[in-house]
Amino acid sequence: MRTATLGPEERAQALAGMAERELDVLVVGGGVVGAGTALDAATRGLATGLVEARDWASGTSSRSSKLIHGGLRYLEMLDFALVREALKERGLLLERLAPHLVKPVPFLYPLQHKGWERWYAGSGVALYDAMSVSSGHGRGLPLHRHLTRKHALRVAPALKKDALVGALQYYDAQMDDARYVATLARTAASYGALVANRAKVTGFLREGERVVGARVQDAEGGGEYEIRAKQVVNATGVWTDDTQGLIAERGQFHVRASKGIHLVVPKDRIHSTTGLILRTEKSVLFVIPWGRHWIVGTTDTDWDLDKAHPAASSADIDYLLEHVNSVLAVPLTRDDVQGVYAGLRPLLAGESDATSKLSREHTVAHPVPGLVVVAGGKYTTYRVMAKDAVDEAVHGLDQRVAECVTENVPLIGAEGYNALWNARARVAKRTGLHVARVEHLLNRFGAMTQEVLDLITDDPSLGEPLGGADDYLRAEVVYAASHEGARHLDDVLTRRTRISIETFDRGTRSAREVAALMAPVLGWDKNRVEAEVEHYEKRVEAERESQRQPDDLTADAARLGAPDIVPLE
């Protein structure tokens, strides 16, 4: 396997390569399911292409709760199969596939009723642990434990004394969702897939009833390509129905969007050594450790407005603050909120009027010859969804195709990560970086960290932290543009790093420096740098304005005040 570089030249070559010959499989959609599908197909030896209209993970896959979990609340719905499947995937990701990106995280569940609740919730968590261990991939996480109120308050002093009578503590896992998808796309490319972001499908190629490929517009260079493929996979999440509409075929199911918003607050605002999970009248609320921050979420409301830029309203923010403050001794205020982000879950419709009750199961269909559709599901089970999608596509290929092997295919950066982690003090001494900086790089790039360090060797100024966002080194920005497919300032500030949600200024203080670092890699002149910075500042202001609006309609209108940097229509 070669290590793929997703720079500007490689992107152009990938688009040209897809148009030169018929592919076995063309995947449309560069979220976690689409990127996972491309990896699955490529590792079965299939000629594979992957296109994404905007940036990798720019939709749902960068706006999740950042959790890899079995879905404890699905046990209460008696959805044992989904939980078992997700727990197996959680174990695989932690132990084998992405130990550099997926990490254990503890959660405290406060008990509010004596007697019956400890038995009821404790039985559920015990079953959760048992299902994890029985999957054969769950031994790396500590088992749950029961805590008295006194012990729980030592672990989480931020809680009100009267907010609990005791607690349960259990473990799940978390990751940087957008970084994970970018790494997945690079891994697919390493196994021979041709991948290109900012490449929008504008129509499907047909021969009679059969879909035989797609017309793809290069949103960067402006050209259009006809990409022929024996099978096309529609993995566009909440855009599934829109993509199906390109062939006047909605398909056998309908995908409904549910909006979830999250708040990001500084670590010192909530005094706790553990995450929290709280029950609300509609769902559950998480308080999730996130580096020097906490993520508080989420909501679950129907959304039928702009899918590209779902907006968080003032009412959404108040809802989360009200619920988390019900258990905090020192309440959070609007002034504590560093970042806000909103995402859309792709739920399979038809089972319930309430989105909180719609299934997180996934479905694969073959609505017309040559076109496979995969939809629904949850982030944690993306690999299973990808396997099912490729299995379905294989039925339409006139050749013998190997079985799925992704259960044993680590993502790039995983191989050698543990050895490098053990040697991190030596790496720090050799490079002159603080060991905490080396740990930061290892947990973002794994064994690929050496490529980032090589940039610093060539230009020592890249070893300095970014102004206004000193958690990140300047080298990480250059690497994002040269190796990770970042094409715009927004890609780096929002997805390759999480500066847009981790700073009170939402990344505006860092914007000019970041654009200047990207410019030589992407061939930008001064005018282009100015345009990128101006666009980003307008985006931040539009988001802030939307978060001051009382409801979804007014918030959506405000957010749409800042158009995309590259028009896609």
Side-chain angles (χ1 to χ4, degrees), residues 62-69 72-73 101-110 147 152-160 163-164 167-180 260-280 283-300 312 316-343 379 436 439-440 443-444 469-472 494-495 497-507 543-544 547:
S62 62
R63 307 179 194 199
S64 72
S65 296
K66 327 263 183 256
L67 292 177
I68 295 292
H69 64 135
L72 191 57
R73 72 189 178 105
L101 300 176
V102 181
K103 305 294 178 183
V105 59
F107 285 102
L108 191 78
Y109 177 71
L147 305 181
L153 290 170
R154 281 206 306 271
V155 172
L159 293 173
K160 293 177 183 175
L164 70 165
L168 297 168
Q169 188 173 48
Y170 73 99
Y171 278 77
D172 256 320
Q174 70 176 162
M175 49 57 212
D176 181 334
D177 49 6
R179 169 147 299 282
Y180 191 94
I261 83 144
H262 296 78
L263 311 179
V264 182
V265 300
K267 196 79 168 181
D268 62 3
R269 301 302 198 271
I270 301 175
H271 189 195
S272 177
T273 60
T274 179
L276 305 172
I277 177 172
L278 312 170
R279 185 184 290 276
T280 71
S283 183
V284 293
L285 186 76
F286 287 103
V287 179
I288 306 161
W290 179 255
R292 295 199 294 173
H293 317 272
W294 296 97
I295 293 174
V296 180
T298 179
T299 57
D300 196 342
D316 292 327
I317 296 169
D318 288 343
Y319 172 88
L320 289 181
L321 289 176
E322 177 188 347
H323 280 81
V324 75
N325 285 340
S326 69
V327 300
L328 295 180
V330 179
L332 297 174
T333 69
R334 285 289 187 110
D335 291 339
D336 295 320
V337 176
Q338 275 182 302
V340 181
Y341 64 94
Y379 199 114
E439 290 175 354
H440 162 87
N443 286 331
R444 282 169 53 72
D470 61 6
D471 282 350
Y472 299 93
T494 307
R495 285 173 292 278
T497 71
R498 305 321 287 259
I499 293 170
S500 67
I501 58 171
E502 292 175 347
T503 59
F504 279 108
D505 61 88
R506 311 266 172 108
E543 285 187 347
R544 287 190 188 278
Q547 291 154 20

Side-chain ([X]) to main-chain ([Y]) donor-acceptor, under 3.5 angstrom:
{"X": "Asn443", "Y": "His440", "value": "no"}
{"X": "Ser500", "Y": "Gly507", "value": "no"}
{"X": "Thr299", "Y": "Ile261", "value": "yes"}

[atom1] of [X] to [atom2] of [Y]: how many Å apart, nearest 0.5 Å?
{"X": "Tyr109", "Y": "Leu147", "atom1": "OH", "atom2": "CG", "result": "14.0 Å"}
{"X": "Asn325", "Y": "Lys160", "atom1": "CG", "atom2": "NZ", "result": "7.5 Å"}
{"X": "Asp471", "Y": "Thr497", "atom1": "CG", "atom2": "OG1", "result": "10.0 Å"}
{"X": "Lys267", "Y": "Ser272", "atom1": "NZ", "atom2": "OG", "result": "8.0 Å"}
{"X": "Met175", "Y": "Ser64", "atom1": "CE", "atom2": "OG", "result": "4.5 Å"}

Closest non-hydrogen atom pair between [X] and [Y], with its separation:
{"X": "Gln547", "Y": "Arg506", "answer": "OE1-NH1, 3.1 Å"}
{"X": "Tyr379", "Y": "Ile68", "answer": "CD2-CD1, 4.0 Å"}
{"X": "Leu321", "Y": "Thr333", "answer": "CD1-C, 4.3 Å"}

For this session: Check Leu159, Val287, Leu285 against Val327 for a side chain to side chain contact (heavy atoms under 4.5 Å, CB included) and give me the one that passes.
Result: Leu159
Exercise. Strictly under 6.0 Å, is that where the ring centroids of Phe286 and His262 end up?
Worked result: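 Ring centres of His262 and Phe286 not closer than 6.0 Å.
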Exercise. Any side-chain heavy-atom pair from Val340 and Glu543 closer than 4.5 angstrom?
Worked result: no
Problem set entry | Gln174 versus Trp290, side-chain donor and acceptor atoms under 3.5 Å | no
Exercise. Stepwise, does the side chain to side chain contact (heavy atoms under 4.5 Å, CB included) test hold for Gln338 with Glu502?
Worked result: CA-CA 6 Å; Gln338 275 182 302; Glu502 292 175 347; 5.7 Å; no
For this session: Apply the test salt bridge (charged side-chain N to carboxylate O under 4.0 Å, His left out) to residues Asp177 and Arg498: give CA-CA distance (whole Å), side-chain angles for both, the deciding distance (0.1 Å), then the verdict.
Result: CA-CA 10 Å; Asp177 49 6; Arg498 305 321 287 259; 2.9 Å; yes
For this session: Please lay out, stage by stage, how Arg292 and Asp268 fare under the test salt bridge (charged side-chain N to carboxylate O under 4.0 Å, His left out).
Result: CA-CA 8 Å; Arg292 295 199 294 173; Asp268 62 3; over 6 Å; no
For this session: May I ask you to check if Lys66 and Tyr341 form a cation-pi contact, with NZ or CZ under 6.0 angstrom from the six-membered ring centre and within 45° of the axis?
Result: yes
